Amino acid sequence: MTVERIGVVGCGQMGGGIAQVCALAEYPVVVMEQTPDLLHRGLARIDAQLGRDVEKGKLSADQRQAAMARISGTTDLSSLSECDLVVEAVVENLDEKRRIFAALDRIVKPDAILASNTSSVCIMEIAAATERRDRVAGMHFFNPVPVMPVVEVVKTIVTSDDAIDQICAVADKLHKTVVLAKDTPGFIVNLLLVPYLLDAIRALEGGVASRDDIDTAMKLGCGLPMGPLTLADFIGLDTLLYIGDVLLNEFHQEKYAAPPLLRRMVIAGMVGRKSGKGFYEYTR
Ligand code: CAA
């Protein structure tokens, strides 16, 4: 089996980005959302993004049209039955992911591969909801998917080498660099990134410096594209808190403990860019 058709569950920021890069790499893609409205908005976001690439001369109008023509949208999971690889990119919730994987397991071909774009949920726990545990893995993209050039490919203690090879071959076609990680909390990037972001919030909370100076110091002092508070807003403070809690529950180390300010901002609905307000304000 080689991967010829890709399914994507979820057409939000991450799922839409994944569908977009797969379509640009000439894979037929079936993308599923819960409601017609969410699906319509997700597909419109992909089309708008491709439109910006046309304006910049990175893509021709024909390439944009061809990419959009390769993407078919659905609200019915069973439309993914012919996909050889399905990438799930829904909300970070173990029960929800297990429900989707159990359903996909009954729908797709026996040798199809199921991958999760999760940044923090244990892949083995998701795989255990299926009867094909050796064909379940992590395929973790980074936001914005069309721009960030790396994918973490996560192998559980039972994922087959063949499934990993197939995922790596797809990532290669998407022009993404693969890094291989074990199924341990936070994989590589979030294991290292999340304590840094939590420490930046602790520095703000502790009055070390102002919001802008913390961001400017790290951006200019370390040559980063974004300061940590801007990046936390970009990722979503709810997602950051969720990943921090997963790491804390597994490792019981202080560095993963969410600062009170973060927890309170999430309770207040100030979850960053997507809500219009986090450490900064955004016009949506
Ligand atoms: N989708 C597609 N392309 C986008 C984009 C998006 N959402 N946002 C920006 N871009 C493109 C722009 O079109 C632009 O392309 P060109 O250079 O070809 O014109 C390029 O990215 C740069 O964008 P801008 O000039 O508008 O702005 P910028 O220079 O500030 O770059 C950025 C924006 C790429 C987001 C940059 O700030 C960056 O790399 N930030 C760090 C992002 C990061 O660390 N992501 C990982 C987060 S962690 C994660 O995702 C995993 C997790 O599990 C939590």
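Read the numbers this way: they start at 1 and go in the same order the structure lists the ligands and their atoms. Bear in mind that the values here come from a model prediction, so they are computed numbers and not experimental data.
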Peer 1: For ligand 1, note which part of D53 has a heavy atom under 4.0 Å away: side chain, backbone, both or neither.
Peer 2: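 Neither part.
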
Peer 1: Relative to the heavy atoms of N190, which atoms of ligand 1 are at a distance of less than 4.0 Å?
Peer 2: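 It comes down to these atoms of ligand 1: 52 (C), 53 (O), 54 (C).
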
Peer 1: Checking a contact table here: which protein heavy atom is nearest atom 51 (C) of ligand 1, and how many Å away?
Peer 2: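 The closest heavy atom on the protein side is F142 CD2, 3.3 Å.
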
Peer 1: Using side-chain heavy atoms (C-beta onward) and a distance below 4.5 Å, is M270 in contact with L237?
Peer 2: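 In short, these two side chains do not touch, never coming nearer than 4.5 Å.
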
Peer 1: Nearest protein heavy atom to atom 50 (O) of ligand 1, by residue and atom, and its distance?
Peer 2: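 For this ligand atom, the closest protein heavy atom is N143 N, 3.0 Å.
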
Peer 1: So which bit of R52 gets within less than 4.0 Å of ligand 1, heavy atoms only: side chain, backbone, both or neither?
Peer 2: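 Answer for R52: neither.
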
Peer 1: Would you kindly say whether S81 and S78 are connected by a side-chain donor-acceptor distance under 3.5 Å?
Peer 2: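 The answer is no; no qualifying pair exists.
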
Peer 1: Quick one: are I201 and L229 in side-chain contact, heavy atoms under 4.5 Å?
Peer 2: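 Yes, close enough: below the 4.5 Å cut-off.
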
Peer 1: Would you verify that at least one protein heavy atom lies under 4.0 Å from atom 32 (C) of ligand 1, or report that none does?
Peer 2: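 When distances to the protein are checked, atom 32 (C) of ligand 1 has no heavy atom within 4.0 Å.
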
Peer 1: At what distance is the nearest protein heavy atom to atom 8 (N) of ligand 1, and which residue and atom is it?
Peer 2: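 Of the protein heavy atoms, P144 CG, 3.8 Å lies nearest.
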
Peer 1: If I take atom OG1 from residue T130 and atom CZ from residue R106, how far apart are they, to the nearest 0.5 angstrom?
Peer 2: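 Rounded to the nearest 0.5 Å, the OG1-CZ separation comes out at 11.0 Å.
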
Peer 1: So, for atom 13 (O) of ligand 1, does the protein have a heavy atom nearer than 4.0 Å?
Peer 2: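 Protein heavy atoms within 4.0 Å of atom 13 (O) of ligand 1 - there is at least one.
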
Peer 1: Does at least one non-hydrogen atom of H140 fall below 4.0 angstrom from an atom of ligand 1?
Peer 2: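 Yes, that is the case, since the closest heavy atom of the residue is under 4.0 Å from the ligand.
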
Peer 1: Any non-hydrogen side-chain atom of Y242 less than 4.5 Å from a side-chain atom of V91?
Peer 2: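 The answer is no, as the side chains (C-beta and beyond) never meet within the 4.5 Å cut-off.
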
Peer 1: Quick one: closest heavy-atom pair of A137 and I164, and the distance?
Peer 2: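 Taking A137 first and I164 second, the nearest heavy atoms are CB-CD1, 4.0 Å.
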
Peer 1: Given Q49, E55, Q13, K58, identify the one with the heavy atom nearest to atom 18 (O) of ligand 1.
Peer 2: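 Checking each option, the heavy atom nearest atom 18 (O) of ligand 1 is found in K58.
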
Peer 1: Would one find more than 12 heavy atoms of other residues, nucleotides or ligands at under 6.0 Å from atom CD1 of I157?
Peer 2: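 No, the 6.0 Å shell around CD1 holds no more than 12 heavy atoms from other groups.
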
Peer 1: Under 3.5 Å, is there a donor-acceptor pair between the side chain of E152 and the main chain of H140?
Peer 2: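 No, because the side chain of E152 does not come within donor-acceptor range (under 3.5 Å) of the backbone of H140.
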
Peer 1: Once you round to the nearest 0.5 Å, how far does CE of M32 lie from OG1 of T75?
Peer 2: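 Spacing of CE (M32) from OG1 (T75) equals 6.5 Å.
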
Peer 1: Just need the protein heavy atom nearest to atom 3 (N) of ligand 1, so name the residue and atom and give the distance.
Peer 2: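 Among all protein heavy atoms, the one nearest atom 3 (N) of ligand 1 is V147 CG2, 3.1 Å.
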
Peer 1: Classify the side-chain pair E92/T118 by whether it contains a donor and acceptor separated by less than 3.5 Å.
Peer 2: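 Their side chains do contain a donor-acceptor pair, which is all the 3.5 Å distance test asks for.
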
Peer 1: Under a 4.0 angstrom heavy-atom cut-off, which atoms of ligand 1 come close to S119?
Peer 2: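 Within the 4.0 Å cut-off of S119, ligand 1 contributes 53 (O).
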
Peer 1: Is the backbone of L59 close enough, under 3.5 Å, to the side chain of D53 for a donor and an acceptor to pair up by distance?
Peer 2: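 No, D53 side chain to L59 backbone: no donor-acceptor pair under 3.5 Å.
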
Peer 1: Side chain of Q166, backbone of M1: donor and acceptor closer than 3.5 Å?
Peer 2: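 The answer is yes, because a donor-acceptor pair under 3.5 Å joins these two groups.
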
Peer 1: Distance below 4.0 Å between atom 48 (S) of ligand 1 and any protein heavy atom?
Peer 2: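 Given the 4.0 Å cut-off, atom 48 (S) of ligand 1 counts as touching protein heavy atoms.
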
Peer 1: For ligand 1, which atoms sit closer than 4.0 Å to a heavy atom of P225?
Peer 2: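 Once the distances to P225 are compared, the set is 36 (C), 37 (O), 38 (C), 39 (O), 40 (N), 41 (C).
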
Peer 1: Give the residue and atom name of whichever protein heavy atom lies nearest to atom 44 (O) of ligand 1, and the separation in Å to one decimal.
Peer 2: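 Scanning the protein heavy atoms, the shortest distance from atom 44 (O) of ligand 1 goes to L231 CD1, 3.5 Å.
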
Peer 1: Side chain, backbone, both or neither: which applies to I235 and ligand 1 if a contact is any heavy-atom pair less than 4.0 Å apart?
Peer 2: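 Under 4.0 Å from ligand 1, I235 contributes side-chain atoms alone.
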
Peer 1: Counting each atom of ligand 1 from 1 as listed, which ones have a heavy atom of M226 under 4.0 Å away?
Peer 2: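 Counting from 1, the qualifying ligand atoms are 35 (C), 37 (O), 40 (N), 41 (C).
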
Peer 1: Do I113 and D84 come close enough that some side-chain heavy atom pair is under 4.5 Å?
Peer 2: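 In short, these two side chains do not touch, never coming nearer than 4.5 Å.
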
Peer 1: Mind checking whether T239 has an N or O less than 3.5 Å away from an N or O of ligand 1?
Peer 2: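 Not met; the criterion fails.
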
Peer 1: Answer yes or no for atom 25 (O) of ligand 1: protein heavy atom present at a distance under 4.0 Å?
Peer 2: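 So atom 25 (O) of ligand 1 lacks protein heavy-atom neighbours under 4.0 Å.
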
Peer 1: Right, does atom 20 (C) of ligand 1 have protein non-hydrogen atoms nearer than 4.0 Å?
Peer 2: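 It does not; no protein heavy atom is within 4.0 Å.
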
Peer 1: Indicate whether atom 29 (O) of ligand 1 is within a distance of less than 4.0 angstrom of some protein heavy atom.
Peer 2: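 Not a single protein heavy atom is under 4.0 Å away.
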
Peer 1: Show which atoms of ligand 1 fall inside a sub-4.0 Å distance from at least one heavy-atom site of M148.
Peer 2: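 Once the distances to M148 are compared, the set is 39 (O), 42 (C), 43 (C), 44 (O), 45 (N).
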
Peer 1: Say you draw a straight line from CD of E88 to CE of M14; how long is it, rounded to the nearest 0.5 Å?
Peer 2: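 CE of M14 is found 11.0 Å from CD of E88.
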
Peer 1: Considering the heavy atoms of K56, write down every atom of ligand 1 situated less than 4.0 Å from one of them.
Peer 2: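 In order of numbering, the contacting atoms are 12 (C), 13 (O), 14 (C), 15 (O), 16 (P), 19 (O).
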
